[in-house]
There are 2 protein chains.
Amino acid sequence: MSTASYHHGNLRQALVDEAVAVTRESGPDAIKIRDLARRVGVSHNAAYGHFANRDDLMAAVADHAYQRLVDAMHRRVAAVDTVDPVLRARRRLAQIGRAYVEFAVAEPGLFRAAFTAPSRGDTLASAAGPYALLGSALDELVDVGFLSPAARPGAEVTCWSAVHGFSDLNIDGPLASASPDVRAATLDHVLVSIDRSYAATTGSTVSDSDILES
Amino acid sequence: MSTASYHHGNLRQALVDEAVAVTRESGPDAIKIRDLARRVGVSHNAAYGHFANRDDLMAAVADHAYQRLVDAMHRRVAAVDTVDPVLRARRRLAQIGRAYVEFAVAEPGLFRAAFTAPSRGDTLASAAGPYALLGSALDELVDVGFLSPAARPGAEVTCWSAVHGFSDLNIDGPLASASPDVRAATLDHVLVSIDRSYAATTGSTVSDSDILES
DNA sequence: CTCGCCATCTTGACAGTGTCAATTTAATCG
DNA sequence: CGATTAAATTGACACTGTCAAGATGGCGAG
């Protein structure tokens, strides 16, 4: 549309697509500018017309990955149709966590790309990002009286840390070789644990593991 | 000692030392075999007499980093001299977590080296590793009746995920630009949250944040 | 004391890589 | 139809990891 050129219809997009494919296959470190150019059928460093350098291209891949992650989270949150307000809020939080880990395990390359990318601290906390999504889920928990307002500040970080750490340990950490069954069971455990730690802030009596449904 | 050679007293160790220095300064990706050789005053690929390849050298750095981490954890656990058994066990767990994050933030390069290293899943769960240390701290929590035996399985992972994720987010994630004060406060929040989630398993009544002392 | 062994280190080469500078190409507009 | 101009190419440079041979020198056997 805007920039179509002679040899290649839309080189920039083609490069990003190929980079995403490589990243999904072998992780972000496997991205090589020359290799990308070769795959797209263009000569080496044609990419430099569209990206300042390798890191710039990686940032584009990171954006893509990031969007995929946010989409997955939204999808899972939207699938929660529980009527009871408290249970619904708790289940939504759990689904956010589940979507996060699910994405990390299903797309380790993209997940890594999203968080390994250099110098993009601002995009992460943007209004559309997972930080905001997580934030409103936690607000909802406060509104329905499950989470104490006093415990609200910093709750994003606690929550995010748990799922992010679990993801990392499952990707190339010591849990990478765990079986899917074990992994799933442990994830449930993590999600319940988060729920429980918030329940304790208002002394809510809780029937544990029914938050795992949607 | 074992392998001393003519030109260089102990090349292997010198290379590892230099690699550790580079890693502390600029992270594991900054390790270049040729550069290391140059620094040590030896010609390029002299290193190949002592290491199969770059990854092999990185693994040595990872071992070093790993040992440092375990030492830091041991130190902090040993510093807990509380007499009350329950409080002592809870504080020990908190100190383990604190040591972990402290190390990650103070030595991000080494921390990354320890977990980014290729193909070393077994060393991590070894008897002397942090996994074992964490495990015995959790056993202690069960023994004193703070953590329900039913909630014991998988507790390592939940706990480890929280501190590992927090570390990662603080190193190059969205929390990397947080001030030390904010970081410290948030860490306290994470540690209390872990404690709280375990307290809930036995319905223990808990005075929250005095577990943060040693 | 000397000679040969052998681990250790060096020299040289090759295939890749990111990136810069100068050049060519072709699509578009006056 | 010719000039402008963005887009892509060619060529070069400084790096990197790694392999294959050659040089070196300490150490033990004779």
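Here the structure is a predicted model, which means the values were calculated and not measured. By convention in this document, chain letters (A, B, ...) are assigned in the order of the sequence lines, proteins followed by strands, and residues within each chain are numbered from 1.
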*Quickly work out the A/Arg12 CZ to D/dA7 C1' distance and round it to whole Å.*
15 Å
*Closest-nucleotide 5' rank along DNA chain D - winner of A/Ser43 and B/Ile31*: A/Ser43
*Given side chains that start at C-beta, do those of A/Val182 and A/Leu175 come closer than 4.5 Å, heavy atoms only?*
no
_So, taking the atom named CD in B/Glu102 and the one named CG in B/Leu187, what distance separates them when rounded to the nearest 0.5 Å?_
8.0 Å
*With A/Arg24, which residues qualify under side chain to side chain donor-acceptor pair (under 3.5 Å), at least two apart?*
A/Glu107
_If you only use heavy atoms from C-beta on, which nucleotide in C/dG12, C/dT19, C/dC20 is closest to the side chain of A/Ile33?_
C/dT19
*Where the side chain of B/Ala46 is defined as all heavy atoms beyond and including C-beta, which of C/dT19, C/dT10, D/dT18 is the nearest nucleotide?*
C/dT10
_Rounded to whole Å, how long is the line connecting atom CG of A/Leu36 with atom P of C/dT19?_
13 Å
*Out of C/dC9, D/dT18, D/dA8, which nucleotide sits closest to the side chain of A/Val42?*
D/dA8
_A/Arg34 (side chain) and C/dG16 (base): donor-acceptor pair under 3.5 Å_ = no
*Mind calculating the distance between CG (B/Asp29) and P (C/dT17) to the nearest angstrom?*
17 Å
*Whole-Å gap separating P (D/dG17) and CE (B/Met58)*: 11 Å
*Between B/Arg75 and B/Asp71, is there a side-chain N and carboxylate O pair less than 4.0 Å apart?*
no
*To the nearest Å, how far apart are A/His50 NE2 and D/dA7 P?*
6 Å
*Nearest-nucleotide wise, let me know which of A/Asn45 and B/Asn45 is further upstream toward the 5' end of DNA chain D.*
A/Asn45
*Please report, rounded to the nearest Å, how far the C1' atom of C/dA27 is from the CG atom of A/Leu11.*
16 Å
_Measuring from the side chain of B/His44 (C-beta onward, heavy atoms only), which nucleotide among C/dG12, D/dG11, D/dT16 has the closest atom?_
C/dG12
_Walk me through whether A/Asp139 and A/Arg152 qualify under salt bridge (charged side-chain N to carboxylate O under 4.0 Å, His left out)._
CA-CA 8 Å; A/Asp139 286 341; A/Arg152 176 66 184 79; 2.9 Å; yes
*Length of the line joining A/Arg54:CZ and C/dG18:C1', which is rounded to integer Å*: 9 Å
*Protein-nucleotide distance (A/Arg38, atom CZ; D/dT9, atom C1'), rounded to Å*: 15 Å
*Choose from C/dG18, D/dG17, D/dA8 the nucleotide whose nearest atom is closest to any side-chain atom of B/Tyr48.*
D/dG17
